A.B. asks: 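The structure is given below, and queries will be raised subsequently.
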Amino acid sequence: MKEANEAILKQIKYDDKGLVPAVIQDHATGRVLMLGYMNEESLRLTLTTGRTWFFSRSRQKLWNKGETSGHFQNVKKISYDCDCDTILVIAEQIGAACHTGNFSCFYRDFEPEDIQEHEREQQS
């Protein structure tokens, strides 16, 4: 791994469980696909293999997105935020990102009435 990336890995602020949230975004559409958690090892694997790796909080182990489904995420770019506590991965999604079969895990919306009511109150 390049020295610059090694230095960046040391700057990342992991939580008390050694994890950092990683937002995965589709490179073609800009759509948010999923949110996963990475530890240093999974982030390192993502950087070196070009495919996303995560740490499963429920199974307490590393997993490669697509290892069972074939729905891999080919990494195009990895960024980190101003506080060094969130990762953004731009990826080419092969198949569905969500275990439900949906392209994105974010396929459900709140009903807009509450949002619209709030907007009307702000305009008054």
Side-chain angles (χ1 to χ4, degrees):
M1 180 179 312
K2 292 187 176 188
E3 241 179 84
N5 284 338
E6 287 288 350
I8 292 168
L9 279 174
K10 290 177 181 19
Q11 294 177 38
I12 299 300
K13 296 176 185 168
Y14 300 94
D15 67 14
D16 60 346
K17 294 178 180 141
L19 302 174
V20 62
V23 176
I24 314 304
Q25 185 176 13
D26 184 63
H27 85 105
T29 65
R31 189 170 177 188
V32 173
L33 298 173
M34 61 176 281
L35 172 71
Y37 289 86
M38 295 182 173
N39 62 8
E40 186 175 345
E41 185 179 2
S42 61
L43 181 51
R44 185 180 299 279
L45 282 167
T46 299
L47 285 162
T48 58
T49 67
R51 288 202 167 152
T52 54
W53 285 80
F54 302 95
F55 185 81
S56 170
R57 296 175 300 164
S58 59
R59 293 177 288 163
Q60 292 293 297
K61 70 176 202 167
L62 290 173
W63 62 281
N64 175 226
K65 178 67 176 160
E67 66 189 339
T68 56
S69 66
H71 297 168
F72 292 101
Q73 295 172 334
N74 297 319
V75 175
K76 301 296 184 183
K77 181 180 178 182
I78 303 176
S79 302
Y80 55 101
D81 75 334
C82 56
D83 294 323
C84 299
D85 64 0
T86 305
I87 304 296
L88 173 64
V89 178
I90 308 299
E92 172 193 24
Q93 178 64 50
I94 308 300
C98 187
H99 72 280
T100 63
N102 287 285
F103 183 69
S104 168
C105 293
F106 296 93
Y107 62 91
R108 300 180 290 188
D109 298 322
F110 282 95
E111 292 298 318
E113 290 80 19
D114 289 335
I115 298 168
Q116 292 167 349
E117 179 65 29
H118 181 69
E119 288 175 347
R120 283 193 292 275
E121 287 172 5
Q122 287 180 328
Q123 292 172 355
S124 300

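Everything numeric in this text was worked out from a predicted model, so none of it was measured.
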A.B. asks: Transitively linked via ILVMFWY side-chain contacts under 4.5 Å: Y80 with I24?
C.D. replies: yes
A.B. asks: Determine, for E6 against R44, whether the closest basic-nitrogen to carboxylate-oxygen distance falls under 4.0 angstrom.
C.D. replies: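 Counted as a salt bridge, because a side-chain N and a carboxylate O are separated by less than 4.0 Å.
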A.B. asks: Output yes when a side-chain donor or acceptor of T46 lies under 3.5 Å from a complementary backbone atom of W53, and no otherwise.
C.D. replies: yes
A.B. asks: Can you find a pair of side-chain heavy atoms, one from L47 and one from L9, that are under 4.5 Å apart?
C.D. replies: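 They are in contact (side-chain heavy atoms under 4.5 Å apart), so the answer is yes.
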A.B. asks: Would the number of heavy atoms belonging to other residues, nucleotides or ligands and lying under 6.0 Å from CZ of R57 be above 12?
C.D. replies: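 It does not: R57 CZ has 12 such atoms or fewer within range.
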A.B. asks: Given the rule in the side-chain contact (heavy atoms from CB on, under 4.5 Å) test, do L62 and N39 qualify, once you have shown the distances and angles that lead to the verdict?
C.D. replies: CA-CA 9 Å; L62 290 173; N39 62 8; 3.6 Å; yes
A.B. asks: Hey, is the main chain of A96 close enough, under 3.5 Å, to the side chain of H71 for a donor-acceptor pair?
C.D. replies: yes
A.B. asks: I12 and L88: same hydrophobic cluster, using ILVMFWY side-chain contacts below 4.5 Å?
C.D. replies: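 No, I12 does not connect to L88 through the hydrophobic network.
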A.B. asks: Is it true that atom CZ of R59 has more than 12 heavy atoms of other residues, nucleotides or ligands lying nearer than 6.0 Å?
C.D. replies: yes
A.B. asks: Between NE2 of H27 and CD1 of I90, what distance do you get to the nearest 0.5 Å?
C.D. replies: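 Output value for this atom pair is 10.0 Å.
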A.B. asks: Is the shortest side-chain heavy-atom distance between F103 and D26 below 4.5 Å?
C.D. replies: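 Yes - at least one pair of side-chain heavy atoms lies under 4.5 Å apart.
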A.B. asks: Would a distance-only check, ignoring hydrogens and angles, find a side-chain to backbone donor-acceptor pair under 3.5 Å from N102 to C105?
C.D. replies: no
A.B. asks: Between Q73 and V89, is any pair of side-chain heavy atoms under 4.5 Å apart?
C.D. replies: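 They are not in side-chain contact.
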A.B. asks: Rounded to the nearest 0.5 Å, what's the gap from NZ on K10 to SG on C84? Could you check?
C.D. replies: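 If we round to the nearest 0.5 Å, K10:NZ and C84:SG are 14.0 Å apart.
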A.B. asks: Quick check: closest heavy atoms across S42 and F55, and the distance to 0.1 Å?
C.D. replies: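 Answer, listing the atom of S42 first, then F55: OG-N, 4.0 Å.
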A.B. asks: Assigning hydrophobic clusters by single linkage (Ile, Leu, Val, Met, Phe, Trp, Tyr; side-chain heavy-atom cutoff under 4.5 Å), is L45 placed with I78?
C.D. replies: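 L45 does not cluster with I78.
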A.B. asks: Taking all non-hydrogen atoms of both residues into account, name the closest pair between L43 and M38 and its distance.
C.D. replies: CD1-SD, 3.8 Å
A.B. asks: Could you tell me which non-hydrogen atom of M34 sits nearest to which non-hydrogen atom of W63, and how far apart they are?
C.D. replies: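 Closest approach of M34 to W63: CE-CH2, 4.2 Å.
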A.B. asks: Can you see which heavy atom on L35 is nearest to which on P21, and at what distance?
C.D. replies: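 Reported closest heavy-atom pair: CD1-CB, 3.9 Å.
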A.B. asks: Could you pull out the closest heavy-atom pair between F106 and S104, with the gap in Å?
C.D. replies: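 So the two residues come closest at N-OG, 2.9 Å.
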A.B. asks: Has the side chain of D81 got a donor or acceptor atom that lies under 3.5 Å from a matching backbone atom of T86?
C.D. replies: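 Looks like yes, one N/O pair under 3.5 Å.
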A.B. asks: Are there over 12 heavy-atom neighbours, none belonging to K17, within less than 6.0 Å of that residue's NZ?
C.D. replies: no
A.B. asks: Taking the side chain as everything from C-beta on, heavy atoms only, tell me whether R51 gets closer than 4.5 Å to V75.
C.D. replies: no
A.B. asks: Are the side chain of N64 and the backbone of T52 linked by a donor-acceptor contact shorter than 3.5 Å?
C.D. replies: yes
A.B. asks: Should we count CD of E3 as having more than 12 external heavy atoms under 6.0 Å?
C.D. replies: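 It does not: E3 CD has 12 such atoms or fewer within range.
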A.B. asks: State, to 0.1 Å, how close A22 and F54 come at their nearest heavy-atom pair, and which atoms those are.
C.D. replies: CB-CE2, 4.4 Å
A.B. asks: If hydrophobic clusters are built by linking Ile, Leu, Val, Met, Phe, Trp and Tyr wherever their side-chain heavy atoms come under 4.5 Å apart, do I8 and V20 end up in the same one?
C.D. replies: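 Cluster IDs for I8 and V20 match.
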A.B. asks: Given 3.5 Å as the limit, does a donor-acceptor pair link the side chain of Q25 with the main chain of G30, or not?
C.D. replies: yes
